[in-house]
Every structure is written in C-alpha cells, then in structure tokens.
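Reviewing the structure listed below.
Positions are given from 1 along the sequence.
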Amino acid sequence: MAKLSLRAVQKLTCKKRDAWWTVILVDPVATRMLIVMARFNFITPNRVTWAALFVGLGSAGFFLKGDMQSLIIGAALYHLSFILDCIDGKLARLKGNGTVFGGWLDYVFDRIRVLFCALALMGGQYLRNGDERFLLAALMVVFLDMLRYVDALQIYKMRMSMRTKIEKVTRERQEAERAAAAEGPAEPDEAQQIRFMEDLLRENPEAEAEVLKEQAGAGHVVDLHAQFRHRFPWYLRVRQALLRSRIRPHLISGIEFQMFVFIVGPLIGRILLTTVVSAILLGIFELIIMYKFWLSTRDFTHVMAELAEPPSGAGSIAPHLHRGRHRRGVSGDPLTAPEFQAPPAHEDPGFQPYPEPYPAYEAPDQQPAQTFQPLPAPAYQQMTQAYQQVRTQGYDRPAQGQPVYGTPGAVPPHHGYPGDREGVG
C-alpha cells in the first residue's frame with residue numbers, strides 16, 4: 001500500500017459526523033495507529049475486531065478485582081479496546097475490504113464487551129463493598145445500552161420506510177399527471193426526482209435550509225424535520241457550529257455513556273454517581289430523539305396528505321370519451337383501437353359476439369332481401385276447410401274422425417296421470 005500522509009488518512013477514514021469523545025480522544029490516536037497497521041496485509045478488519053473484544057474482556061477481568069489500581073488498568077484497557085473498535089472500520093474504509101459479516105461482528109462484539117464489563121465492574125464493587133445498588137446499576141447499564149441501539153435501529157428503519165412511501169406515492173402521482181395530460185410514458189428526469197432536506201443538509205452542512213430548498217426547487221424537496229426546526233430555530237445554528245468540528249449534535253449517545261461508566265467513573269473513584277448521572281443524560285437525549293422522531297412522523301402525515309390530493313387533471317374527460325357529434329378534435333374512431341376489438345378465435349374459443357341490436361337500415365328504393373312466398377294451393381284449401389269447420393261445429397265435436405277434447409285441461413284416457421303405471425291395481 002502506498003504511503004499516505006496523516007491528513008489524507010484522516011480525510012479518507014474519519015466520519016463527517018461523529019461523537020465528540022471519538023473526535024477528540026480517539027481519532028487522533030486511531031489514525032496514527034492505522035497508518036502503521038495498514039502496512040501489514042495480515043491485519044484485516046475482522047482480526048482487529050477480535051482483538052478489540054479480547055482487550056475488552058481483559059479490562060473486565062481487572063474491573064472484577066475492584067481495587068483502585070485494577071480499576072485504572074481496566075479503564076485504560078477499555079479505552080484501548082474502543083480505539084481498536086474504531087480502527088477496524090477505518091481500516092475497512094481505507095483498504096475497501098469491508099464486509100457485511102464484519103459489520104455484524106462489530107455490532108455483536110460491542111454488546112458482548114459492554115455486558116461483560118458492566119457485570120464485572122458493578123459485580124466487583126458489590127463483592128468489595130456489599131452495596132446492592134451496584135447490582136441495580138449493572139442491570140441499568142445493560143438495559144440502557146440495549147435500548148439505545150435498538151431504538152436507533154428502529155428509528156432508522158422507520159425513517160427509511162417513510163422515505164420509501166413518499167417516493168412511491170410521488171412517482172405514482174407524476175405518472176397519473178402525465179396520463180391525464182395525454183403524454184406518453186417517459187422516465188422522470190432529474191428535476192422531477194424528489195429530494196429530502198436531511199440529505200441536502202448532510203451534503204451542505206453550512207447552508208441554510210431555505211436556501212437549499214430554493215436551489216433544489218420547492219416542489220421537489222421534502223422536509224421531514226420542518227416542525228422541529230420551526231419550534232427550535234436555534235438548533236440549526238448549534239448544529240452548524242458543532243459540525244465544523246465534525247461533532248454531531250447528539251452529545252450524549254451510547255458512546256459517551258459507555259466512556260463515562262467504564263473510564264471516567266473508575267478513574268475518579270465515583271462509579272455509582274457517574275453511572276447515574278450519565279444514565280440520566282442519556283435518557284434526556286433519547287427522549288429528545290423520540291420527540292424529534294414524533295414530529296417527523298407528523299411531517300410525514302402532512303406530506304402524504306398533500307400527495308393524496310387528486311392531480312390537476314383529475315375529473316377531466318379521457319380522450320377516448322370525446323365521441324360527440326364533432327369528435328372534439330379526436331381523429332378517427334377511438335373504439336377501433338386494438339384493446340376494444342373482439343379477441344381472435346384462437347385466444348378465446350368460447351367468445352360469442354353480441355348480435356346487432358337493430359337490423360341494418362335499407363334505403364326505401366331498394367327491394368328487401370327476402371320476399372313473401374304464398375302457400376301452396378292444397379295447403380291453403382285444407383286450412384280454409386279447418387277454419388270453416390271450427391266456425392260451424394265448434395271444438396267439442398270430432399273433426400275428420402279424430403276426438404277433440406274441448407274441455408280445458410282434459411287429459412286423454414289412455415295417457416293417465418303423471419306417475420301412474422300400468423298393471424298396478
């Protein structure tokens with residue numbers, strides 16, 4: 001690997017926004033160690049992750065002893081473990097050999113390190129002093145650490161879900177507007193693609209939100225933090241001031257909480273007090289994040305309500321329905337399109353077209369296709385004799401030797417009734 005300067009390594013590996021503990025106390029050491037470790041090919045990000053776990057378990061062993069010297073050594077090892085934990089990600093970004101499994105391994109090992117160190121630190125103090133409050137403190141540390149990371153993961157998933165829904169509804173609305181305007185299907189250009197204000201602020205941290213919205217086009221920018229900035233206008237100025245030093249506004253996160261519990265508390269000899277204070281501060285910032293997310297969901301509901309309104313072309317008559325006397329500018333007969341024709345016989349064998357509702361109209365001067373044919377003479381005479389006989393004799397007398405049953409509903413004797421069988425008596 002080519003030799004890189006410290007400034008180049010920092011630019012390639014350090015995050016644009018990070019915890020203030022990492023920016024001030026970890027990155028200056030981690031980047032210098034990274035320059036040395038990157039020269040050796042056998043040092044991979046996953047191996048550095050394993051090393052961070054073993055060093056963290058070593059710090060838990062010193063925490064369990066409980067004496068002041070062991071607490072200081074344990075705090076130093078825990079800080080070294082956290083530095084190695086940061087180096088594995090920086091090494092993956094520098095060499096480009098990061099994997100999905102490596103990210104999962106880093107996350108799981110972090111939780112294991114916190115669990116063992118919390119039980120060892122608080123358990124060692126309980127065994128030394130017999131104070132049961134340390135057992136409750138151990139449970140509180142593990143619970144808050146898990147709550148912090150689970151809550152962050154769920155909020156991230158919900159934010160991605162809201163963004164996906166907005167993009168989908170916006171795309172469907174644009175397609176409906178193009179269809180109402182009788183435009184052909186076309187791919188949306190860059191001007192029609194939706195942008196999110198949080199992405200614009202991440203790319204331009206020094207710019208104002210209104211300026212970015214005007215530059216990107218107000219109709220194509222979705223702001224899911226509008227209510228939060230409206231209620232706390234000073235937040236954007238504080239955020240910009242912190243981002244100049246790469247410090248994120250979330251001042252007390254899971255990283256700072258761990259550092260106060262496992263480093264600051266053992267070094268000053270006030271483990272229980274430091275744990276309680278850092279837990280309260282972490283809880284306050286978590287409530288702020290939840291409140292900000294709640295306002296973001298309200299912004300999402302408002303945006304979805306605006307997108308659910310019918311487009312400008314709603315209620316207009318489709319072109320194929322303009323079939324009045326003058327056709328209103330529609331060329332040809334729209335019903336002659338292929339989609340309105342009967343399917344071929346090989347596609348739908350059982351299809352039978354409807355008959356014409358009215359016969360074809362013929363001009364008066366044309367002769368009909370079929371003419372009346374008179375009956376033959378013998379048939380005509382037979383019909384005449386039958387008619388005269390009915391007029392003179394009626395229906396009750398037999399005609400030409402055949403019985404005539406004039407009574408309505410009479411049944412011939414040899415027929416019987418339905419269900420009768422011969423020979424049954």
Taking every heavy atom of Gly66 against every heavy atom of Gln125, the minimum-distance pair comes out as O-NE2, 3.3 Å

- Query: Taking the six-membered ring of Phe109, is the NZ or CZ of Arg113 close enough (under 6.0 Å from the centre) and on axis enough (within 45°)?
  - Reply: no

Check: Do side-chain atoms of Arg248 reach the backbone of Arg17 as a donor and acceptor pair under 3.5 angstrom?
Finding: no

Correct closest heavy-atom pair for Leu272 and Ala137 would be CD1-CB, 3.9 Å

Thr301 side chain to Thr297 main-chain N or O, any donor-acceptor pair under 3.5 Å?
yes

Residue pairs meeting side-chain hydrogen bond (donor to acceptor under 3.5 Å, both in side chains), one or both in residues 257-278, sequence neighbours left out, come to Tyr78-Gln258, Asp145-Gln258

Do Ser253 and Glu256 have a side chain donor and acceptor closer than 3.5 Å? yes

If you define the side chain from C-beta out and look only at heavy atoms, does anything of Ile72 sit under 4.5 Å from Leu267? yes

**Prompt:** So, the side chain of Trp20 versus the backbone of Leu251: is there a donor-acceptor pair under 3.5 Å, distance only?
**Reply:** yes

For Phe143, the ring pair (Phe, Tyr, Trp, His ring centres under 6.0 Å) test, sequence neighbours excluded, returns none

>> I'd like to check Trp50 versus Leu105 (side-chain heavy atoms, cut-off strictly below 4.5 Å). Are they in contact?
In response: yes

Note to self: Are Leu295 and Tyr291 packed together at the side-chain level, in the sense that at least one heavy-atom pair is separated by less than 4.5 angstrom?
What the structure shows: yes

Those residues at least two apart in sequence (or on a different chain) that pass ring pair (Phe, Tyr, Trp, His ring centres under 6.0 Å) with His225 are none

| message | Under the criterion side chain to side chain contact (heavy atoms under 4.5 Å, CB included), I'd like the reasoning laid out for Val141 against Phe262: C-alpha separation, chi angles, the key distance, then a yes or no. | response | CA-CA 10 Å; Val141 170; Phe262 300 120; 4.1 Å; yes

In this structure, CZ of Phe257 is separated from CZ of Arg148 (nearest 0.5 Å) by 11.5 Å

message = Could you go through Val26 and His79, starting from their C-alpha distance and side-chain angles, then the distance that decides it, and tell me whether this counts as side chain to side chain contact (heavy atoms under 4.5 Å, CB included)?
response = CA-CA 9 Å; Val26 175; His79 188 60; 4.0 Å; yes

CG (Leu71) and CD1 (Ile268) are apart, to the nearest 0.5 Å, by 11.5 Å

With Lys90 as partner, the option from Asp106, Asp85, Asp27 fulfilling salt bridge (Lys or Arg N to Asp or Glu O under 4.0 Å) is Asp27

- For Arg133, does the CZ atom have more than 12 heavy-atom neighbours from other residues, nucleotides or ligands under 6.0 Å away? no

Between Asp299 and Ala226, the two heavy atoms sitting closest are OD2-N, 3.2 Å

Using a cut-off of 6.0 Å, state whether more than 12 heavy atoms not belonging to Lys292 lie near its atom NZ.
-> yes

Output yes when a side-chain donor or acceptor of Asp223 lies under 3.5 Å from a complementary backbone atom of Met197, and no otherwise.
no

**Message:** Could you check whether any side-chain heavy atom of Ile87 comes within less than 4.5 Å of a side-chain heavy atom of Ile83, counting everything from C-beta outward?
**Reply:** yes

Here the pair of heavy atoms bringing Cys14 nearest to Arg246 is CB-NH1, 3.7 Å

Is it the case that the side chain of Arg195 and the backbone of Leu200 share a donor-acceptor pair, with hydrogens and angles ignored and the cut-off at 3.5 Å? no

* Asked: If only atom types and distance count, is the side chain of Asp131 paired as donor or acceptor with the main-chain N or O of Phe134 below 3.5 Å?
  -> no

Does the side chain to side chain contact (heavy atoms under 4.5 Å, CB included) test come out yes or no for Met122 and Ile271, once each step is laid out?
CA-CA 8 Å; Met122 302 304 173; Ile271 298 175; 3.8 Å; yes

(message) Closer than 3.5 angstrom, by distance alone: can the side chain of Ser81 be matched with the main-chain N or O of Ala52 as a donor-acceptor pair?
(response) yes

- Task: Report the relative orientation of the aromatic rings in Trp234 and Phe232; use parallel for angles under 30°, tilted for 30 to 60°, perpendicular for over 60°.
- Result: perpendicular

* Compare all side-chain heavy atoms of Leu243 with those of Arg239 and state whether any distance is below 4.5 angstrom. => yes

*asked:* Assess the residue pair Val222 and Phe300 against the criterion (side chain to side chain contact (heavy atoms under 4.5 Å, CB included)); give the C-alpha distance rounded to whole Å, side-chain angles, the decisive distance to 0.1 Å, and a yes or no.
replied: CA-CA 9 Å; Val222 176; Phe300 169 75; over 6 Å; no

d(Arg93 CZ, Asp88 CG) to nearest 0.5 Å is 8.5 Å

Of all heavy-atom pairs linking Ile43 and Lys95, the shortest is O-NZ, 4.0 Å

Interatomic distance, CE@Met37 vs CG@Leu94, rounded to 0.5 Å, equals 11.5 Å

_Using side-chain heavy atoms (C-beta onward) and a distance below 4.5 Å, is Ile166 in contact with Met304?_
yes

Contact check, side chains of Gln69 and Ile73, non-hydrogen atoms, under 4.5 Å: yes

In terms of heavy-atom contacts, Pro249 and Leu242 come closest through CA-CD1, 3.8 Å

Name the orientation class of the two ring planes belonging to Tyr149 and Tyr107 (parallel below 30°, tilted from 30 to 60°, perpendicular beyond 60°). perpendicular

Taken to the nearest 0.5 Å, the spacing of Ile155 CD1 from Trp294 CH2 works out to 14.5 Å

Taken to the nearest 0.5 Å, the spacing of Trp21 CH2 from Ile252 CD1 works out to 10.5 Å

**OP:** Return yes if some donor-acceptor pair links the side-chain N/O of Thr164 with the main-chain N/O of Met160 below 3.5 Å, else return no.
**Re:** yes

Margin query: With a 3.5 Å distance limit and no angle check, can you tell me whether Arg32 reaches the backbone of Pro28 through a side-chain donor-acceptor pair?
Written below: yes

